Each structure stands twice: as structure tokens, then as C-alpha cells.
Trainee: 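Got a structure for you, written out below as C-alpha cells; questions coming shortly.
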Amino acid sequence: LALTELPSGITSIGDNAFYNCTNLSLTELPSSITSIEDFTFCNCPNLVLTELPSSITSIGNNAFYNCTNLSLTELPSGITNIGENAFRNCTNLVITELPSGITYIYDGAFYNCTNLSLTELPYGVNGILAEAFAYCTNLSLTELPSSIWYIKEGAFYNCTNLSLTELPSRITSIVDATFYGCTNLSLTELPSGITGHIGWHAFEGCSKLALTKLPSGITSIGGEAFSS
């Protein structure tokens with residue numbers, strides 16, 4: 001299948017519709033589409049979209065997984081949901097901001113998007129789930145919105161350009177491998193509300209970490225948590 005365009009009257013494309021269509025080379029989608037469903041374009045390495053229709057409000061799980069030539073520079077402002085692994089391994093994705101309606105960044109959503117260049121996340125994001133930004137080596141966030149209250153395992157794994165100096169005050173735990181390999185992370189303190197356990201490998205390899213004390217509520221520290 002080597003389609004380069006779709007009929008303009010299409011209003012929906014179902015789950016798995018173009019799964020593993022390795023020669024699919026669409027350059028645009030019909031303007032009437034409002035969502036991209038689960039696995040719709042999964043493993044379509046020749047998909048070369050540079051923009052999505054402004055009508056789209058949701059991107060499903062694994063929707064663009066392994067679309068290595070997808071080169072979006074922005075997402076439609078009306079999007080409120082980006083599913084698990086939605087853009088996993090989209091190494092040419094170069095978006096610099098997320099829509100303001102996003103509240104969660106789900107598991108693996110931008111995993112290995114090595115050219116992702118976000119400089120900030122929208123206020124209103126409440127949680128960043130497991131491996132959401134793992135291996136996003138160009139991610140250069142300097143702060144996180146104060147609305148965030150949890151960050152899950154490996155969320156920023158090996159984000160070597162992440163240069164946060166503080167974490168949102170609402171965060172109460174640091175779980176396994178959250179900031180593993182973040183060599184430019186330069187936190188000077190952790191939120192005072194963090195209690196209990198600091199996870200395994202949580203800050204391993206964070207050579208610029210400048211903490212002088214830990215919150216008093218911490219009761220255990222996992223293996224290699226601060227190993228260099």
C-alpha cells in the first residue's frame with residue numbers, strides 16, 4: 001500500500017487501520033478528521049506528515065508508534081489527550097510545545113523522540129507517567145509546571161539535556177529511575193513534602209545534582225539512587 005493522500009470526505013479512521021503499512025507515505029490528512037485512534041498508523045515509517053488537522057482533539061495509544069519520518073512541528077491546539085506510546089520512536093518529531101488542554105502525559109508517549117525540543121509544559125499537566133520522555137535527549141526543560149503532583153518510573157530516563165533546578169512542590173515521591181542519566185539535572189533541593197522511599201536508580205548518573213540535604217520525611221533510599 002503506497003497511498004500518498006486520502007479522500008477529503010473521510011471523517012474517521014479506525015483502530016489499526018494502517019498498522020504496519022510500511023510504504024504508506026501520506027503528506028496530509030483530511031481536515032474533517034477529529035481523532036487518531038489506537039495503532040492507526042503504528043509502524044508506518046514512511047509517513048511524512050508535517051502537520052495534523054486543526055480539528056483533531058485526541059491521539060490514541062500507539063497511534064504513531066515507529067513513524068520514524070513523522071516530522072510534526074506542532075500539535076493542534078484543541079488536543080486534550082495523547083495516549084500511551086502515541087509518538088514512541090518518532091525520532092524526527094520536532095514539536096516545541098504541547099496543547100494547553102493536556103492534563104496527563106501517558107506511558108511512553110514521547111519515548112525516544114530524540115529531536116523533541118519542548119522548552120516548557122503547559123500549566124494543568126497533573127502527571128507524567130512511566131517513560132513518557134525516556135531517551136528524549138534534546139528535551140531541555142528548565143522547570144515543570146506547579147500543577148504536577150506525580151512523576152512515574154523512568155519518566156525522564158536518559159534525558160541528557162534536562163536542566164531542572166527545582167521540582168514542583170506538590171510532588172511527594174521519587175520513584176525508580178525517574179531521572180536516571182540526566183547529566184544536566186541541577187536540582188539544589190527536593191520538595192519538603194517528599195516522604196518514604198527514594199527509588200532505585202532515581203538520580204543515577206546525575207553528575208550536576210547539587211543537593212545539600214534531603215527532606216526529613218525520607219525513610220529509605222533505593223540501590224544506586226545517587227550513584228555516579
Side-chain angles (χ1 to χ4, degrees), residues 58-59 61 74-75 77-88 93 95-113 116-204 206 208-211 213-218 222 225-226:
S58 178
I59 297 175
N61 298 336
E74 62 180 359
L75 296 176
S77 60
I79 287 179
T80 57
N81 178 72
I82 297 174
E84 295 178 8
N85 300 307
F87 293 105
R88 189 181 181 108
L93 194 71
I95 59 175
T96 57
E97 62 180 350
L98 296 180
S100 60
I102 297 292
T103 53
Y104 294 95
I105 300 171
Y106 289 105
D107 304 63
F110 295 100
Y111 184 104
N112 199 39
C113 291
L116 188 72
S117 305
L118 300 176
T119 55
E120 63 180 3
L121 299 180
Y123 181 81
V125 171
N126 293 319
I128 300 174
L129 277 68
E131 298 184 332
F133 293 110
Y135 295 101
C136 290
T137 51
N138 272 327
L139 190 70
S140 54
L141 301 174
T142 57
E143 62 180 355
L144 296 177
S146 59
S147 54
I148 290 176
W149 61 277
Y150 66 86
I151 302 174
K152 292 297 187 179
E153 292 84 353
F156 292 104
Y157 191 102
N158 211 43
C159 290
T160 52
N161 276 309
L162 188 73
S163 51
L164 304 175
T165 57
E166 62 181 2
L167 297 178
S169 61
R170 297 176 69 192
I171 289 177
T172 58
S173 64
I174 303 289
V175 296
D176 296 349
T178 302
F179 296 105
Y180 179 100
C182 294
T183 52
N184 277 302
L185 189 72
S186 51
L187 301 176
T188 56
E189 62 180 0
L190 297 179
S192 60
I194 290 177
T195 59
H197 182 66
I198 290 183
W200 282 68
H201 310 285
F203 294 103
E204 182 173 348
C206 297
K208 292 187 178 179
L209 202 65
L211 301 176
K213 64 178 182 179
L214 296 177
S216 59
I218 290 173
F226 295 99

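Here the structure is a predicted model, which is why all the values come from computation and not from measurement.
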Trainee: Under 3.5 Å, sequence neighbours excluded: what are the donor-acceptor pairs made by side chains of residues 147-154?
Mentor:
from: Ser147; atom 1: OG; to: Gly124; atom 2: N; distance (Å): 2.9
from: Ser147; atom 1: OG; to: Val125; atom 2: N; distance (Å): 3.4
from: Ser147; atom 1: OG; to: Val125; atom 2: O; distance (Å): 2.7

Trainee: Give the C-alpha distance, both sets of side-chain angles, the deciding distance and a yes or no for side chain to side chain contact (heavy atoms under 4.5 Å, CB included) between Leu209 and Phe179.
Mentor: CA-CA 11 Å; Leu209 202 65; Phe179 296 105; over 6 Å; no

Trainee: NE2 of His201 to CG of Asp176: how many Å apart, nearest 0.5 Å?
Mentor: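 Here the interatomic distance stands at 7.5 Å.
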
Trainee: Taking all atoms of both residues into account, what is the closest heavy-atom pair of Pro145 and Pro122, and its distance?
Mentor: CG-O, 3.5 Å

Trainee: Between Asn126 (side chain only) and Tyr104 (backbone N and O only), is there a donor and an acceptor less than 3.5 Å apart?
Mentor: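 It does not hold such a pair.
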
Trainee: Under 3.5 Å, is there a donor-acceptor pair between the side chain of Asn81 and the main chain of Ser58?
Mentor: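 No, Asn81 side chain to Ser58 backbone: no donor-acceptor pair under 3.5 Å.
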
Trainee: Pairs of donor and acceptor atoms involving the side chains of residues 184-196, under 3.5 Å and at least two apart or interchain, shall be tabulated with distances.
Mentor:
from: Asn184; atom 1: OD1; to: Lys208; atom 2: NZ; distance (Å): 2.8
from: Asn184; atom 1: ND2; to: Thr160; atom 2: O; distance (Å): 2.8

Trainee: At their closest point, which heavy atom of Phe133 faces which heavy atom of Cys159, and how far apart are they?
Mentor: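 What the structure gives for the nearest pair is O-SG, 3.0 Å.
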
Trainee: With rounding to the nearest 0.5 angstrom, report the CD1 to OG distance, Ile218 to Ser173.
Mentor: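 Separation between the atoms: 10.5 Å.
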
Trainee: With rounding to the nearest 0.5 angstrom, report the CD1 to CZ distance, Ile198 to Phe203.
Mentor: 6.0 Å

Trainee: Looking at Ala155 and Leu129, what are the two nearest heavy atoms and their distance?
Mentor: CB-O, 3.8 Å

Trainee: Taking the side chain as C-beta and beyond, is there a heavy-atom pair between Tyr106 and Ile82 under 4.5 Å?
Mentor: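 Tyr106 does not reach Ile82 side chain to side chain.
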
Trainee: How close do Asn112 and Cys136 get, counting heavy atoms only, and between which atoms?
Mentor: N-SG, 4.4 Å

Trainee: With rounding to the nearest 0.5 angstrom, report the CD1 to OG1 distance, Ile128 to Thr178.
Mentor: 10.0 Å

Trainee: From Glu120 CD over to Thr96 OG1, what is the distance, rounded to the nearest 0.5 angstrom?
Mentor: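 So the CD of Glu120 and the OG1 of Thr96 are separated by 9.0 Å.
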
